[in-house]
**Q** 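My questions will all concern the structure given below.
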Amino acid sequence: MVHYKTESDIQIIKESAQVLGKAHAEVAKAIKPGVKTKKLDSIAEEFIRDNNGVPSFLNYNGSFPASLCISVNDTVVHGFPGEYELKEKDIVSIDCGVLYKGFHSDSAYTYPLEGVSQDALRLLERTYESLYLGIAQAKVGNRIGDIGHAVQTYVEQFGYGVVRELVGHGVGRSLHEDPEVPNYGKRGKGPKIMAGMVFAIEPMINMGTKKVVQEKDGWTIRTQDRKPSAHFEHMVAIFPDRTEILTTHEYIEESYSFKWRNKSR
């Protein structure tokens with residue numbers, strides 16, 4: 001069941017998303033070779049709590065052990081922070097959520113470390129572009145399938161794989177709500193997009209096969225062929241006359257030292 005949001009609900013979600021965006025930026029400042037992923041997690045948790053939020057992911061379903069999902073190279077999503085030290089040429093996806101005044105926000109960004117291959121940079125650029133192509137289809141009068149179709153048709157022309165097992169989702173008082181928002185689909189299919197919906201669009205795109213495997217920890221998802229994967233995510237609110245992006249990557253891109261965008265051409 002879709003939980004439709006009022007304008008006052010959406011305003012609180014925007015406030016939550018501001019805390020989230022700034023938490024991402026604090027993490028971005030620390031991303032460099034030699035940094036352990038558990039350090040990034042502690043930075044995020046401290047910032048969120050210092051700003052009257054609660055990490056949405058920590059103890060999710062009673063079992064996720066961290067405030068961030070940190071997924072490096074061939075890990076698609078849900079990687080655990082730990083002792084791993086970032087290295088030159090890595091790509092690292094950071095997914096984070098914040099609970100603030102009763103509402104969740106959720107966004108993700110994939111960082112390339114300097115020295116990363118041109119192929120990996122192209123994967124990130126195209127995944128990032130596919131996110132905005134999906135957002136462009138998120139409007140009253142369209143259907144959820146229009147979003148997935150836009151993402152899928154764009155990235156598959158480059159030979160990339162679109163993960164099927166993991167999808168975007170509604171966000172509100174619960175971190176995961178209806179509707180599900182796949183990154184693949186057919187035009188004109190799926191639930192109607194209606195005013196009052198708030199949902200996350202989050203392309204998870206693999207350099208190789210779309211097939212993934214789950215690790216024994218019950219959370220970590222990797223590409224089957226061990227090729228890299230990229231993940232970007234925004235939340236949007238649907239209004240009768242417009243669509244608004246509620247989350248922000250602006251603080252990230254101001255803070256991250258490697259200005260990688262548009263360097264893969």
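Values in this document were obtained by computation on a predicted structure and should not be read as measured data.
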**Q** Could you tell me which residues satisfy ring pair (Phe, Tyr, Trp, His ring centres under 6.0 Å) with H169, sequence neighbours excluded, listed by chain and number?
**A** H176

**Q** Look at K259 together with E253 and state whether they make a salt bridge at an N to O cut-off of under 4.0 Å.
**A** no

**Q** Around E180, counting heavy atoms of other residues, nucleotides and ligands shown, do more than 12 lie under 6.0 Å from its CD?
**A** no

**Q** Looking at NZ of K36 and CD1 of I70, how far apart are the two atoms once the value is rounded to the nearest 0.5 Å?
**A** 13.5 Å

**Q** Does anything in residues 16-30 form a salt bridge (charged side-chain N to carboxylate O under 4.0 Å, His left out)? List the pairs, not counting sequence neighbours.
**A** E26-K29

**Q** Filter on salt bridge (charged side-chain N to carboxylate O under 4.0 Å, His left out), then keep only pairs touching residues 222-240, sequence neighbours left out; what's left?
**A** D74-R222, D74-R226, E215-R222

**Q** Which residues satisfy the ring pair (Phe, Tyr, Trp, His ring centres under 6.0 Å) test with Y132, sequence neighbours excluded?
**A** Y128, H234

**Q** Under 3.5 Å, side-chain donor or acceptor atoms of residues 182-199 against the rest of the protein: list the pairs with distances, not counting sequence neighbours.
**A**
{"unit_1": "N183", "atom_1": "ND2", "unit_2": "E202", "atom_2": "O", "d": "3.0"}
{"unit_1": "R187", "atom_1": "NE", "unit_2": "H149", "atom_2": "NE2", "d": "3.4"}

**Q** Can the ring centroids of F80 and F64 be said to lie less than 6.0 angstrom from one another?
**A** yes

**Q** Before you tell me yes or no, could you show the steps for Y111 and F258 under ring-ring contact (aromatic ring centres under 6.0 Å, His included), namely the whole-Å CA-CA distance, both residues' side-chain angles and the distance that decides it to 0.1 Å?
**A** CA-CA 9 Å; Y111 299 83; F258 180 26; over 10 Å; no

**Q** Between atom OG of S71 and atom CD1 of I94, what is the distance when rounded to the nearest 0.5 Å?
**A** 8.0 Å

**Q** Quick one: list whatever passes salt bridge (Lys or Arg N to Asp or Glu O under 4.0 Å) with R173, sequence neighbours left out.
**A** none

**Q** Taking the basic N atoms (NZ, or NE/NH1/NH2) and the acidic carboxylate oxygens, is any pair closer than 4.0 Å for D119 and R122?
**A** yes

**Q** Which heavy atom of A30 sits nearest to which heavy atom of L40, and what is that distance?
**A** CB-CD2, 3.8 Å

**Q** Nearest 0.5 Å please: distance from the CD1 atom of I135 over to the OG1 atom of T243.
**A** 9.0 Å

